[in-house]
Amino acid sequence: NANASGPGSFPQAIADAIASPSEDVIVFAPQTDGLVLPEIDINNSGTGLIVVKGNGEGITLIGNRVNINSGNAGGETNVEISGISVPEISVNSGFGSTTRATFSNLFVTGPGDIEVNSGFDGSLTDVTFSSLVFEDGGEFGVESGGDGGSTTNVLIENSTIKELADNAIDIRGDGTAVTVERSTLVNNEGGAFIYAGSLQMENSTITTSNSPGVKQFGGTVEIGRAHV
């Protein structure tokens with residue numbers, strides 16, 4: 001329902017799913033269509049998968065942001081989120097923890113950023129964006145912890161990133177790997193900036209307003225059948 005709290009509300013559904021050790025699926029009743037719902041905040045939910053199924057762009061509206069975090073010291077979070085509109089996304093794994101997230105048919109309309117990070121001590125963040133539209137936002141940042149033992153993997157497929165105020169993709173950290181497939185990154189202030197880690201692009205287009213499509217300061221870049 002559209003209530004801010006209590007049984008049947010979105011915040012209560014998230015809290016119940018975090019507390020559950022098994023898979024939980026959250027869907028939205030028609031009376032929530034077009035209403036701005038509270039942010040999604042999922043932290044250290046355990047091994048049970050949490051699935052959030054929205055009703056589509058401009059229909060299921062999440063206020064503020066989506067925040068996914070696995071906490072620290074062996075924590076784990078596994079989520080799948082689809083069919084929502086939201087201004088900002090943050091996905092992170094804390095010290096020695098694991099976060100796995102899949103986003104599909106997602107509409108990120110700014111003015112915020114998409115940030116994907118892993119902490120230290122062997123943490124892992126593994127994220128897939130499928131059929132993402134990210135526009136009029138700040139930056140798409142991907143980073144891994146500085147101790148060399150953490151990993152951040154991001155796959156962007158069948159997606160559009162456009163008209164951002166900063167870089168289309170900003171890649172930092174030796175343990176960072178970004179793959180872009182069948183996607184369009186156009187009319188952003190900056191292109192793909194690689195400071196460390198790796199970028200692989202296939203069957204994609206990247207153009208910018210004021211800078212090279214791909215600018216490499218470190219790490220590795222592999223481009224196949226892509227227009228830069």
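These numbers were taken from a predicted model, which means no experiment stands behind them.
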Nonpolar side-chain network containing Leu155, other nodes, edges under 4.5 Å: none
Pairwise salt bridge (Lys or Arg N to Asp or Glu O under 4.0 Å) hits with a residue in residues 45-57, at least two apart: none
Between CG on residue Leu124 and CG on residue Asn153, distance to nearest 0.5 Å: 6.5 Å
Linked, directly or transitively: Val154 and Val221 (ILVMFWY side chains, under 4.5 Å): yes
Sub-6.0 Å ring centroid separation between Phe140 and Phe193: no
Ring pair (Phe, Tyr, Trp, His ring centres under 6.0 Å) pairs, two or more places apart, involving residues 66-98: Phe95-Phe120
Contact list for residues 1-10, test salt bridge (Lys or Arg N to Asp or Glu O under 4.0 Å), sequence neighbours left out: none
Pair listing, salt bridge (Lys or Arg N to Asp or Glu O under 4.0 Å) test, anchored in residues 4-18, at least two apart: none
Partner of Val142 by side-chain contact (heavy atoms from CB on, under 4.5 Å), out of Thr125, Thr152, Leu199: Thr152
Set of side chain to side chain contact (heavy atoms under 4.5 Å, CB included) partners for Ile59, sequence neighbours left out: Asp33, Asn55
Sole residue of Thr128, Val51, Val52 in side-chain contact (heavy atoms from CB on, under 4.5 Å) with Glu80: Val51
Pairwise side-chain contact, Ser93 with Thr98, heavy-atom cut-off 4.5 Å (strictly under): no
Listed once per pair and sorted, the ring pair (Phe, Tyr, Trp, His ring centres under 6.0 Å) pairs that draw on residues 21-52, sequence neighbours left out: Phe10-Phe28
Sequence neighbours excluded - ring pair (Phe, Tyr, Trp, His ring centres under 6.0 Å) pairs with any residue from residues 32-72: none
Spacing of OG belonging to Ser85 relative to CG belonging to Leu61, to within rounding of 0.5 Å: 5.5 Å
With sequence neighbours excluded, residues passing salt bridge (charged side-chain N to carboxylate O under 4.0 Å, His left out) with Glu163: none
Review item, side-chain donor-acceptor pairs of residues 99-106, under 3.5 Å, at least two apart:
unit_1 : atom_1 : unit_2 : atom_2 : d
Thr99  : OG1    : Ser70  : N      : 3.3
Thr99  : OG1    : Ser70  : OG     : 2.9
Thr99  : OG1    : Asn92  : O      : 2.9

Contacts of Ala13 that satisfy side chain to side chain contact (heavy atoms under 4.5 Å, CB included) - sequence neighbours left out: Ile26
Salt bridge (Lys or Arg N to Asp or Glu O under 4.0 Å) contacts in which one or both residues fall within residues 61-70, not counting sequence neighbours: Glu39-Arg65
Path from Leu185 to Val127 over hydrophobic side-chain contacts below 4.5 Å: yes
hydrophobic_cluster_shared for Ile156 and Val186, side chain cutoff 4.5 Å: no
Transitive ILVMFWY side-chain link Val79 to Val91, under 4.5 Å: yes
